[in-house]
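Report on one structure; see the data block that follows.
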Amino acid sequence: MSSIPPHTPSNLSSGLPDNWADICESEPLSFSGMIQPHGALLQIDVGGKITHASANIDHFFPDIAKCIGQNLPPDFFHRTHTPLDILLQSNVGERRDLSSIRLVDEGPEIDVVLTRNGEGILIELFSSPQPLSHPDPALSLPFSRGLTKEELFSGVVTRVRAITGFDRVMLYAFRTDGDGEVLAEDHNPESYGTYLGLRFPGSDIPQIARELYLKNPWRQIPDAPASPVPIHSLTGHPPDLSHSDLRSVSPVHQAYLANMNVVASLSFPVIENRSLWGLVACHAKSPTILPLKTLSMARLVVRNFNMSLLQLHAEERMQAFERLNYRLSPFREIFSKSENPEDILSVSATLLASLFEGCGLAFFSGHRFTLWGTTPPPSTIESLHEILESTFQEPIWQTVSLSESFPGIGVIPVAGLMVIKLKNQCSLWIFRPETIQEVAWGGNPHKPVETISSGLVISPRQSFERWVEKRVGQSLPWDKFTHLAALHLIRTTTAAPPGSHH
Ligand code: BLA
């Protein structure tokens, strides 16, 4: 029997219901049945029949409200220069952005977005505001090669602010621990304070909201407090708004923006390996509606940035791999000859400890192990080995705090642990010491729930003032470079011997 109680996830937000994060994750964002009032929406099915219309549709397209259940006039597709059958043949998620279209003679010019969705075609109509200014077309040229990361980061926020005119534009990046941080910011000199360098808890942007960025080019909230408009339905079910930019704003997020003193918000996804790497997030203090052309131009800038970022990351990885290849060669060499823990650590302990910034190591070969440097006592390591062997299948496991992961572990002279599983039941354990860290947050992140008269509600923070957390009992985080080094170790020691073929 092991002497250490099983793993319990750390609970930052003590006193809260355990499932508060699930509550955020279960809001039916895409089935709100309502839209924001700056545009109007129609859903047609694959036969061209109108199944849903927003209550304000008359404002954009007179006489259509009566037509729920009937076919959209063929003239519509003539005026949008996009035949219905062509639209229906496109893949779900594909969209056509049409600027300055007239749906009726002598009618106003409007912007139209047509999106093929699961149910048929989603039609979104927006009044086409005159652009505030005509941004310099050079802003949408690709970023020059050879910029440093910092130059690229500040380049994208400056360009997006020049195009959109928002008060504040930030590059917000998700960290490997799920939280996020503001890496670059450009703001109106009159706007208050800065979010640059501040960290925000992962729960501020739930996964359900992050996933929508993989389907949409941007999320536009021109007037967060504005009352939403209901959608009339033929089917009795709300339409799927996962591809809709007009989708009404989550009430929690409305409160969040209000607490931040933000009225208009606009954000563009930055994507790497099909997942959301970050956002370019824009804030304004007063309602701000941009024409489709301006939105498309800002999106192009973010896409250019995204491409340069991927290139930079690829170069970084290549350089890191070359360095790792060189530095890890003594380890590879000894491990290819011997799996004896003493042999391995006598040759490579110093280099492994310095590469992984560890204070102590354990090398397991089956159930035999050898220790080096500062580690917990052997009996504790044996118990940990037993638990981890039975609970974790992944090739890499890590924690920044063994005492948070295993509250019964007792007093130990280390905080963090990374376990790297190698071939033949061998594993390398790296211990890190406690490093007291100061983390500057955008407001106290530990209180996402409040008590109001009717009970407990999930609510965003009231204040986003810089709030410094002093982190004790934790090691430095296991960052991307450490992960890369661990993967490199696994790959290069399990690679098929030269000459073998698959
Ligand atoms: C959405 N939260 C968002 C979005 C951002 C943030 C960028 C996307 C929509 C948008 O662009 O406005 C958070 N905004 C930030 C952060 C910064 C910023 C971190 O500018 C930092 C500078 N929010 C909460 C809690 C919940 C929550 C506790 O604080 C959960 C109950 C939910 N956030 C939430 C939801 C959305 C959201 C539901 C989706 C809103 C929508 O699209 O309607």
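Starting from 1, each residue takes its place in the sequence as its number. Values below: all heavy atoms of this structure, side chains included; hydrogens, waters and symmetry mates excluded.
No donor-acceptor pair under 3.5 Å is formed between the side chain of Asn91 and the backbone N or O of Glu94.
Of the candidates Leu489, Val419, Ile490, Ile396 forms a side chain to side chain contact (heavy atoms under 4.5 Å, CB included) with just one, namely Ile490.
The ring of His488 has its center closer than 6.0 angstrom to the ring center of Phe321. A distance below 6.0 Å separates the ring centres of Phe464 and Tyr256. The aromatic ring centres of His367 and His385 sit less than 6.0 Å apart.
In this structure, Arg317 does not pair ionically with Glu322, as no charged nitrogen and carboxylate oxygen lie closer than 4.0 Å. Electrostatic pairing of Asp179 and Arg199 does not count as a salt bridge here, judged by no charged N lying under 4.0 Å from a carboxylate O. Salt-bridge annotation for Lys149 and Glu316: present, with a side-chain N of the basic residue lying under 4.0 Å from a carboxylate O of the acidic one. With respect to Asp245 and Arg247, no salt bridge is recorded, no charged nitrogen being found less than 4.0 Å from a carboxylate O. Salt-bridge formation is detected for the pair Arg168/Glu185: a Lys NZ or Arg NE/NH1/NH2 atom is positioned less than 4.0 Å from an Asp or Glu carboxylate oxygen.
Atom CD of Glu333 has 12 or fewer neighbouring heavy atoms from other residues, nucleotides or ligands inside a 6.0 Å radius. Residue Glu465 qualifies as open at atom CD: its count of foreign heavy atoms under 6.0 Å is 12 or below. Within 6.0 Å of CD on Gln425 lie no more than 12 heavy atoms contributed by other residues, nucleotides or ligands.
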Take Leu279 and Leu171 through the side chain to side chain contact (heavy atoms under 4.5 Å, CB included) test and state the conclusion after the steps.
CA-CA 6 Å; Leu279 295 172; Leu171 176 64; over 6 Å; no

Stepwise, does the side-chain hydrogen bond (donor to acceptor under 3.5 Å, both in side chains) test hold for Ser265 with Arg219? CA-CA 8 Å; Ser265 153; Arg219 170 71 169 143; over 6 Å; no

- Using the side-chain hydrogen bond (donor to acceptor under 3.5 Å, both in side chains) rule, take Thr435 and Ser475 through it: C-alpha gap first, then chi angles, then the decisive distance, then the call. CA-CA 5 Å; Thr435 302; Ser475 71; over 6 Å; no

Exercise. Show the numbers, then the answer: is there a side-chain hydrogen bond (donor to acceptor under 3.5 Å, both in side chains) between Glu27 and Ser250?
Key: CA-CA 8 Å; Glu27 187 182 343; Ser250 152; 3.1 Å; yes

Fill in: Trace of the side-chain hydrogen bond (donor to acceptor under 3.5 Å, both in side chains) decision for Trp372 with Thr370
CA-CA 7 Å; Trp372 179 93; Thr370 295; over 6 Å; no

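Using modelled atom types, one finds a donor on one side chain and an acceptor on the other under 3.5 Å when comparing Arg327 with Ser354. Side-chain contact, Gln36 with Asp223: no donor N or O sits under 3.5 Å from an acceptor N or O.
Smallest separation of non-hydrogen atoms from Leu257 and Ala224: CD1-CB, 3.9 Å. The minimum heavy-atom distance linking Ile412 with Pro376 is given by the pair CG2-CB, 3.9 Å. For the residue pair Ser338 and Ile344, the shortest heavy atom distance occurs at O-CD1, 3.3 Å. Residues Gly358 and Arg432 approach most closely at CA-CG, 4.2 Å, considering heavy atoms. For the residue pair Thr158 and Asp186, the shortest heavy atom distance occurs at CA-OD2, 3.6 Å.
Taking the ring axis of Phe335 as reference, the NZ or CZ atom of Lys423 stays within 45° of it and closer than 6.0 Å to the ring centre. Both the sub-6.0 Å distance and the 45° axial angle are not jointly satisfied by Arg175 relative to the ring of Trp277.
With rounding to the nearest 0.5 Å, the separation of CG in Asp167 from CG in Asn188 is 5.0 Å.
Below 30°, between 30° and 60°, or above 60°: for Phe268 and Trp218 the angle between ring planes is above 60°, a perpendicular geometry. Ring orientation note: the planes of Trp429 and Phe431 are tilted relative to one another, at an angle of 30° to 60°. Taking the six-membered ring where the residue is Trp, Phe392 and Trp397 present tilted rings, their angle falling between 30° and 60°.
Residues Ser267 and Tyr213 form a side-chain contact, since some pair of their non-hydrogen atoms from C-beta on lies under 4.5 Å apart.
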